[in-house]
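One structure is given here, and the rest of the page talks about it.
Note on naming: letters A, B, ... go to the chains in the order of the sequence lines (proteins, then strands), and numbering restarts at 1 for each one.
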Amino acid sequence: MLSKDQIELAIATMQEKYPQARTSLVADTDFHFLLAVILSAQATDKSVNLVTPALFSRFPTPNDLAQVTATDVKPYIKTIGLYRNKARYLVACAQKLVTDYGGVVPAQREELVKLPGVGRKTANVVLSERFGVPAFAVDTHVSRIAKRLQIVAADASVTLIERKFMDSLPPEKWLDAHHALIFWGRYWCTARQPHCATCPLLNICAYGQEQAK
DNA sequence: ATCCCGAGGG
DNA sequence: CCCTCTGGAT
């Protein structure tokens with residue numbers, strides 16, 4: 001297991017390589033950002049950004065989206081994986097925003113996760129990106145890296161990974177660290193064929209040392 | 001634990 | 001061809 005100092009150092013190394021790391025999702029309002037994050041589940045942000053301009057233009061507000069059915073939304077997101085489920089989530093989410101929240105995206109996790117299609121990861125992204133609320137979103141990249149670096153055990157839960165990073169870093173660094181991990185996972189410590197041979201973290205990474213054999 | 005699910009990369 | 005992508009609901 002890595003020590004707290006080693007975790008901090010690992011994050012700093014990632015930030016050094018990807019200083020520009022930040023969210024790539026394009027959205028002007030809280031509502032549209034929420035939709036984009038829901039759509040980004042098991043999909044690349046690039047594929048999400050490809051469909052959102054037309055989607056957002058057609059449905060500017062929760063009210064606009066609450067009045068249609070999933071069938072009406074499908075054509076807009078057909079090129080994204082899991083589009084049937086996501087079409088349902090988007091409409092149901094907009095309807096709940098209208099009926100329960102006055103059309104305003106709530107800024108509390110316990111409320112966000114009540115929205116259809118919004119789980120802990122999506123809620124944490126919205127909180128940290130849009131509302132400035134300290135939160136640590138754990139996705140497939142963060143999870144993979146945490147396990148490869150043995151920041152947590154291989155069978156660790158998402159919430160344990162989340163707590164481990166939160167305990168290792170001050171709240172004001174959580175969002176930047178999250179972004180650094182995402183970019184690290186996306187471009188360097190990739191799921192397949194990661195760049196272990198030339199990795200600056202090789203000296204503290206059991207996984208990388210195993211790969212080098 | 002299982003299903004959903006198109007596009008892009010290797 | 002196979003794997004992966006800023007997961008969530010059942």
Looking across every strand, which nucleic acid part, if any, lies under 4.0 Å from [X] by heavy atom: base, sugar-phosphate, or nothing?
{"X": "A/Thr23", "value": "base"}
{"X": "A/Val118", "value": "sugar-phosphate"}
{"X": "A/Leu115", "value": "sugar-phosphate"}
{"X": "A/Ala43", "value": "base"}
{"X": "A/Arg84", "value": "sugar-phosphate"}
{"X": "A/Arg144", "value": "sugar-phosphate"}
{"X": "A/Ser40", "value": "sugar-phosphate"}

Applying side chain to side chain donor-acceptor pair (under 3.5 Å), can you list everything that pairs with A/Asp176, at least two apart in sequence or on another chain?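 Side chain to side chain donor-acceptor pair (under 3.5 Å) list for A/Asp176, sorted by chain: empty.
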Contact nearer the 5' end of DNA chain B, comparing A/Gln193 with A/Thr79: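 The residue closer to the strand's 5' end, by nearest nucleotide, is A/Thr79.
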Map A/Lys46 and A/Tyr83 onto DNA chain B by nearest heavy atom, then report which one ends up closer to the 5' terminus.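 Between the two, 5'-proximity favours A/Tyr83.
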I need the [atom1]-[atom2] distance between [X] and [N], as an integer number of Å.
{"X": "A/Arg186", "N": "B/dG8", "atom1": "CZ", "atom2": "P", "answer": "15 Å"}
{"X": "A/Arg192", "N": "B/dG9", "atom1": "CZ", "atom2": "C1'", "answer": "7 Å"}
{"X": "A/Lys74", "N": "B/dC4", "atom1": "NZ", "atom2": "P", "answer": "13 Å"}
{"X": "A/Asn85", "N": "B/dC3", "atom1": "CG", "atom2": "C1'", "answer": "8 Å"}
{"X": "A/Leu82", "N": "B/dC4", "atom1": "CG", "atom2": "P", "answer": "10 Å"}

Between [X] and [Y], is there shared hydrophobic-cluster membership here, with clusters defined by ILVMFWY side-chain heavy atoms closer than 4.5 Å?
{"X": "A/Tyr83", "Y": "A/Leu25", "value": "yes"}
{"X": "A/Leu201", "Y": "A/Tyr207", "value": "no"}
{"X": "A/Val68", "Y": "A/Leu90", "value": "yes"}

Side-chain donor-acceptor pair present, A/His195, A/Gln211, cut-off under 3.5 Å: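 Side-chain D/A pair, A/His195 to A/Gln211: absent.
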Evaluate A/Cys199 against A/Lys17 for side-chain contact (heavy atoms from CB on, under 4.5 Å), listing each step before the verdict. CA-CA 11 Å; A/Cys199 185; A/Lys17 189 163 184 64; over 6 Å; no
Distance between P atoms of B/dG9 and C/dT6 (Å, rounded):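 About 12 Å, rounded to a whole number of Å.
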I'd like the C1' distance from C/dT4 over to B/dC5, given in whole Å.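 B/dC5 and C/dT4 have their C1' atoms separated by 12 Å.
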First-last contacting nucleotides on DNA chain C - partner chain A, under 4.0 angstrom, heavy atom: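 Using the under 4.0 Å cut-off, the span is C/dC2 to C/dA9.
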If the test is side-chain contact (heavy atoms from CB on, under 4.5 Å), which one of A/Asp155, A/Val152, A/Val142 qualifies with A/Lys147?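 Exactly one candidate clears the test, A/Val152.
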